[in-house]
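Throughout, a chain's letter reflects where its sequence line sits, starting with A, and its residues are numbered from 1. What you see is a predicted model; the values in this text were computed from it and never measured. Hydrogens, waters and symmetry mates play no part in the numbers below; they use all other heavy atoms, side chains included.
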Amino acid sequence: MNPDIPEKFLKPYNPVEEESSIYKQWEESGYFTPENMIKDGLTKPDAEPFTIILPPPNVTGVLHMGHAMMLTVEDILIRYKRMSGFRTLWLPGTDHAAIATQSKVEKEIQKKEGKNRFDLGREELLKRVNAYAQQSHDTIVNQMKVMGASCDWTREAFTLDEARTKAVRTVFKKMYDDGIIYRGHRIVNWDTKGQTTISDDEIVYEEEKTKFYYFKYGPFVIGTARPETKFGDKYVVVHPEDERYAQYEHGQKMTVEWINGPIETTVIKDGMIDKEFGTGAMTITPWHSVADFEVAQKYNLDKEQIIDKYGKLLPIAGDFAGMKIKDAREKIVERLKEKGLFVKEEDYVHNIATAERTGGVIEPQVMLQWFIDVNKPFTLEHSTIDTIPSGSETTLKEIMRASVGTGQINIIPDYFTKTYFHWIDNLRDWCISRQIWYGHRIPVWYKGDEIYSGVDAPEGEGWEQDEDTLDTWFSSGMWTFSTLGWPEQTEDLKIYHPTSVLETGPDILFFWIARMILMTGYALGDIPFSTIYLHGLVRDAKGQKMSKSLGNAMDPLDIAAKYGTDAGRIALIVGTTPGTDSKISEEKIKGYKLFANKLWNVARFVLSNNTAASIDAPYTEADQAVLNEWNVTVASITKDIDDYKLHVAAESIYHFIWDTFANGILEDSKPLLASEDMTIALSRQRLLLALLTESITVLHPFMPFVTECIWQQLPATEGLLMTRPWPTS
RNA sequence: GCGCGGUUAGCUCAGAUGGUUAGAGCGCAGCAUUGACAUUGCUGAGGUCACAGGUUCGAUUCCUGUAUCGCGCACCA
């Protein structure tokens with residue numbers, strides 16, 4: 001036994017003791033910044049860049065296991081590429097997450113002080129939200145460091161900071177000038193609780209059991225689930241080929257008895273109606289239904305507002321004015337019964353739209369809002385998108401389609417490509433204005449009838465800025481290039497853009513990924529990244545979604561404290577495959593804590609059986625063969641990582657270390673190390689040290705802490721394992 | 001309704017561009033060991049790879065259909 005073995009190894013591996021000091025060493029080395037790697041000769045100056053821009057976590061609280069998954073996958077890729085000689089940048093940041101953050105703070109204020117945002121006023125609310133966001137930011141950054149994220153903190157960004165604001169306003173103005181951003185009266189999703197518009201993607205549908213009513217409407221019987229919206233219904237729609245209604249002409253007018261007395265109605269014949277549903281006849285409410293609105297636009301029909309912003313009936317409802325829609329429903333049915341217009345009712349299940357963040361019911365409303373036109377042709381001056389030549393006319397939809405369709409952007413797993421195209425096909429104009437206060441204020445100013453859009457406020461007196469803010473995805477859509485300094489033509493932008501990999505969960509494929517492709521295509525004529533890697537949702541041991549309310553959420557910090565970050569990281573990777581949900585349990589993580597300790601003991605054994613004389617000892621033929629086999633293993637692991645099969649790579653190195661190395665080679669070594677023949681003993685000593693060194697190098701991206709810790713105890717090593725070149729055979 | 005994915009050991013999941021005995025972790029049974037190991041090692045039991053057709057010399061793998069679970073989108077007023 002070698003008496004010089006470091007004291008550390010006399011005890012089991014203690015991750016908590018080692019991890020924070022190791023992270024500090026990495027951070028203080030400056031090597032998270034690629035330029036420092038070049039300066040010290042660890043990366044070649046002309047090395048190919050590899051860039052990941054971190055999907056910025058929302059400053060709404062703390063990181064959860066989904067974030068841990070994201071950070072682990074990205075850190076593995078980054079560490080691997082850094083070791084492989086790439087000019088590697090991982091740029092971190094956080095997202096102000098407008099509506100999510102504001103509604104969270106509003107809820108707290110409501111709970112503690114019983115006040116809403118209108119009681120506080122814009123300025124005071126923003127003060128509170130900013131304070132909360134700052135605190136949340138600090139927590140998040142700390143968590144990321146605990147998880148070992150090797151990102152370049154000198155480049156950290158925030159979606160609402162000064163540089164990003166400039167980028168946002170620059171794009172807004174350009175789109176405004178191109179006529180892609182327009183202001184108009186269109187039907188939007190109005191959140192009656194949050195008092196703001198939201199996008200189609202922020203709606204969640206909840207099943208609701210209700211009644212489906214049939215009423216007499218002149219000579220027709222119409223069906224509806226929402227009698228309370230029917231006051232202004234002056235149009236009855238039937239299918240042009242419906243023989244039951246063949247006797248009526250399109251545009252034919254008639255007077256019918258209705259809720260508050262007789263009204264004049266007009267027959268509309270359009271294919272939008274489903275002949276088989278109900279009676280095949282319905283009245284329409286263009287102000288409060290997307291489909292009805294479209295028919296109304298098509299035939300230039302009147303649109304009347306029935307429901308106000310708070311979900312109450314307007315004066316048009318006569319006796320029912322001021323009532324909440326749910327209360328009004330039964331009373332209206334009663335009225336129609338009294339008038340003898342009621343035919344029958346049926347049980348009915350349908351989905352009601354609610355707002356994801358506030359839970360409020362969505363009432364479609366026609367409102368004056370800002371939109372991005374996804375179908376409007378414009379000229380793209382400079383383009384590197386394969387099928388869109390520079391200077392040609394295109395649309396935002398076409399950019400989104402082309403970037404992925406040509407294979408310039410590759411999605412892993414590839415079956416999500418279909419989902420992506422399906423979404424684009426159904427995409428409508430994007431409503432970007434929000435009636436909340438936390439976020440990028442719309443860079444538009446008004447003075448009388450004049451409208452001005454620009455990066456800065458216009459000169460002169462009397463200009464008022466638009467009260468609304470932008471949808472949070474407007475700014476996060478620019479994240480891959482706004483973080484690199486755009487609109488300035490920075491070195492960073494030249495070197496690191498387009499980025500290499502965008503890694504995130506499939507739940508924000510549309511919210512975010514598609515918007516990044518849109519924004520980057522528009523602003524730069526380029527793709528934002530060449531590979532999209534989608535990880536699955538992290539669920540608990542029973543397969544349930546982790547959530548605070550279920551009490552099954554795991555805190556990555558607790559995991560780190562109990563089992564070590566390394567164990568948590570590799571447990572998230574092994575046995576999971578891109579795009580597929582995975583389950584994580586403490587049992588699984590515990591298993592990898594044992595693995596860290598196993599490795600620790602391997603190191604102890606190797607070091608205690610190593611002597612200086614073995615350094616240049618020639619390998620025996622048998623030992624050379626062992627080394628050759630290891631090289632085959634390395635090559636296969638390398639290929640797996642290159643193919644983004646991280647789960648396979650992680651399992652391979654785990655098996656090599658535990659089964660092949662510890663249980664096989666170490667056991668076989670015992671007699672060899674004791675051999676009288678020094679060529680055999682020294683060769684074996686050298687082999688063991690070499691295999692230990694190489695295997696911790698390959699394991700490093702997956703379990704960075706324990707490997708770095710062992711590396712620094714090895715004889716004749718200098719510098720950090722983090723910057724050691726990846727083994728090539 | 002349309003689309004996508006899953007169905008492999010008791011549990012959680014990998015994997016095979018079609019080819020002898022289909023893998024891992026956990027769990028289980030037996031044996032060994034106090035050691036490099038807050039243990040670990042060895043051995044073992046356990047699988048018609050959802051079901052039915054088809055293609056093929058050969059299918060768990062490819063194709064079609066069915067069942068079932070999950071997800072996404074669209075929604076019927």
Side-chain angles (χ1 to χ4, degrees), chain A residues 1-2 5 9-14 200-201 203 205 212-215 222-227 229-230 233 235-238 272-286 288-292 295 348-353 413-427 506-507 509-510 536-537 539-543 545 570-571 574-577 579-609 645 647-648 650-652 654-655 658-659 662-664 666-667 669-670 673 688:
Chain A
M1 170 86 80
N2 182 345
I5 176 168
F9 285 114
L10 300 179
K11 288 183 296 178
Y13 178 59
N14 182 344
D200 291 348
D201 301 306
I203 291 177
Y205 289 95
F212 191 78
Y213 303 96
Y214 293 90
F215 301 118
I222 58 142
T224 183
R226 301 203 59 186
T229 64
K230 296 284 148 201
D233 289 6
Y235 304 98
V236 59
V237 184
V238 294
M272 64 92 73
I273 197 161
D274 178 359
K275 283 191 287 185
E276 309 303 320
F277 188 81
T279 58
M282 68 169 180
T283 60
I284 56 167
T285 313
H288 300 291
S289 154
V290 177
D292 295 2
V295 179
Y348 183 57
V349 177
H350 75 151
N351 294 324
I352 55 166
D414 63 353
Y415 56 77
F416 275 106
T417 308
K418 286 183 187 173
T419 316
Y420 174 83
F421 283 116
H422 189 249
W423 179 81
I424 292 174
D425 290 341
N426 290 299
L427 185 64
D507 49 333
L509 181 62
F510 311 135
L537 208 64
R539 296 171 175 277
D540 74 0
K542 291 178 198 158
K545 208 168 168 174
I570 196 164
V574 174
T576 67
T577 188
T580 306
D581 292 356
S582 59
K583 298 186 179 77
I584 190 82
S585 62
E586 291 213 17
E587 279 301 299
K588 186 174 180 185
I589 298 167
K590 201 173 156 189
Y592 290 102
K593 183 188 174 166
L594 293 178
F595 174 57
N597 197 52
K598 185 75 185 178
L599 180 60
W600 190 249
N601 280 294
V602 169
R604 184 203 295 194
F605 180 85
V606 170
L607 287 178
S608 59
N609 286 288
K645 294 180 185 166
H647 56 296
V648 178
E651 211 169 337
S652 300
Y654 170 89
H655 275 288
W658 200 314
D659 297 331
N663 294 347
L666 284 196
E667 289 303 326
S669 296
K670 287 175 183 172
L673 290 167
L688 293 185

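- Checking the phosphate oxygens (OP1, OP2) of B:C73, no side-chain nitrogen or oxygen of A:N426 falls inside 4.0 Å.
- Of the candidate nucleotides B:G41, B:A14, B:A74, B:A74 has the atom lying nearest to any side-chain atom of A:Y205.
- Applying the 4.0 Å criterion to OP1 and OP2 of B:A38, one finds that A:N597 has a side-chain N or O inside that range.
- Between B:G72, B:C4, B:C42, one nucleotide has an atom nearer to the side chain of A:N663 than all others, and that is B:C42.
- The phosphate of B:C76 has neither OP1 nor OP2 within less than 4.0 Å of any side-chain N or O from A:K275.
- Rounded to the nearest Å, the gap between the C1' atom of B:C28 and that of B:G10 is 8 Å.
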Got a list of side-chain donor-acceptor pairs under 3.5 Å for residues 591-603 of chain A, not counting sequence neighbours?
unit_1 : atom_1 : unit_2 : atom_2 : d
A:N597 : OD1    : A:Y13  : N      : 2.9
A:W600 : NE1    : A:K11  : O      : 2.9
A:N601 : ND2    : A:N597 : O      : 3.0

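- Judged as a salt bridge (charged side-chain N to carboxylate O under 4.0 Å, His left out), and not counting sequence neighbours, A:K590 has no contacts.
- One can place CG of A:L537 at 14 Å from C1' of B:G5, the figure rounded to the nearest angstrom.
- Listed by chain and residue number, A:W423 satisfy the ring pair (Phe, Tyr, Trp, His ring centres under 6.0 Å) test with A:F510 (two or more places apart in sequence, or in another chain).
- Across all strands, A:T577 comes closer than 4.0 Å only to sugar-phosphate atoms, never to a base (heavy-atom distances).
- If you measure from atom CE of A:M282 to atom P of B:C76, you get 8 Å, rounded to the nearest angstrom.
- For B:G65 and B:A74, the P atoms lie 26 Å apart once the distance is rounded to whole Å.
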Shorter than 3.5 Å, N or O on both sides, protein versus nucleotides 24-27 of chain B: list them out with atom names.
unit_1 : atom_1 : unit_2 : atom_2 : d
B:A24  : O2'    : A:H655 : NE2    : 3.4

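- Between A:I584 atom CD1 and B:C11 atom C1' there is a gap of 15 Å when expressed in whole angstrom units.
- The residue among A:F605 and A:T576 whose nearest nucleotide of RNA chain B is located toward the 5' end is A:T576.
- Among the protein residues, A:K418 comes within range of the sugar-phosphate backbone only, with heavy atoms under 4.0 Å from sugar or phosphate atoms but none that close to a base.
- Out of B:A14, B:A36, B:C73, the shortest distance to the side chain of A:H647 is found at B:A14.
- For A:D274, the listed nucleotide lying nearest its side chain is B:C76; candidates were B:A14, B:C76, B:A16.
- Between the side chain of A:S289 and the backbone N or O of A:P286 there is no donor-acceptor pair closer than 3.5 Å.
- For B:G47 and B:A38, the P atoms lie 36 Å apart once the distance is rounded to whole Å.
- When the P atom is compared between B:U7 and B:C62, the two are found 11 Å apart, to the nearest whole Å.
- B:A38 atom C1' lies 18 Å from atom CZ of A:F595, rounded to whole Å.
- With P as the reference atom, B:C71 and B:A52 are 28 Å apart, rounded to whole Å.
- Residues passing the salt bridge (charged side-chain N to carboxylate O under 4.0 Å, His left out) test with A:R539, sequence neighbours excluded: A:D581.
- The aromatic rings of A:F215 and A:Y213 lie parallel to each other, with less than 30° between the two planes, well short of the 60° mark.
- One interatomic measurement links the two molecules: OH of A:Y214 to C1' of B:C76, which rounds to 10 Å at whole-angstrom precision.
- When the side-chain contact (heavy atoms from CB on, under 4.5 Å) test is applied to A:D507, no partner is found at least two apart in sequence or on another chain.
- If you find the closest nucleotide of RNA chain B to A:T580 and to A:K598, the one lying nearer the 5' end belongs to A:T580.
- For RNA chain B, each stem of at least three Watson-Crick or G-U pairs (distances under 3.5 Å) is given as range with range: B:1-7 with B:67-73, B:10-13 with B:23-26, B:28-32 with B:40-44, B:50-54 with B:62-66.
- As judged by a 4.0 angstrom heavy-atom cut-off over every strand, A:T283 is placed among residues touching the sugar-phosphate backbone only.
- With B:C4, B:G72, B:G15 as the candidates, the nucleotide lying closest to the side chain of A:Y415 is B:C4.
- Within 4.0 Å of A:I273, counting heavy atoms only, lies at least one base atom of the nucleic acid.
- Taking the ring pair (Phe, Tyr, Trp, His ring centres under 6.0 Å) definition, one finds that A:F421 meets it with nothing, sequence neighbours left out.
- The two residues A:V238 and A:A281 have their closest heavy-atom pair at CG1-CB, 3.8 Å.
- Taking only side-chain atoms of A:F510, from C-beta outward, the nucleotide of B:C4, B:A36, B:G72 with the closest atom is B:G72.
- Separating the NE2 atom of A:H422 from the C1' atom of B:C71 is a distance of 13 Å, rounded to the nearest angstrom.
- Under the rule for a salt bridge (charged side-chain N to carboxylate O under 4.0 Å, His left out), the partners of A:D233 that lie at least two apart in sequence or sit in another chain are A:K230.
- Rounded to the nearest Å, the gap between the P atom of B:U60 and that of B:G41 is 35 Å.
- We find that CG of A:D581 is positioned 17 Å from P of B:C69, with the value rounded to whole Å.
- Distance check, rounded to the nearest 0.5 Å: CE of A:M282 to OH of A:Y235 gives 14.0 Å.
- Checked options A:I222, A:V236, A:T229, A:V237; the residue passing with A:I284 is A:V237 (criterion: side-chain contact (heavy atoms from CB on, under 4.5 Å)).
- The interatomic distance linking A:L509 (CG) with B:C4 (C1') rounds to 12 Å, in whole Å.
- Contact between the side-chain N/O atoms of A:W658 and the OP1/OP2 oxygens of B:U40 is not found at any separation under 4.0 Å.
- Rounded to the nearest Å, the gap between the P atom of B:C4 and that of B:U64 is 11 Å.
- Within the nucleic acid shown, A:K230 comes within 4.0 Å of sugar-phosphate atoms alone, with no base atom in reach, counting heavy atoms only.
- With C1' as the reference atom, B:G25 and B:U66 are 34 Å apart, rounded to whole Å.
- Nucleic acid contact for A:A662: base, since at least one base atom lies under 4.0 Å from a heavy atom of the residue.
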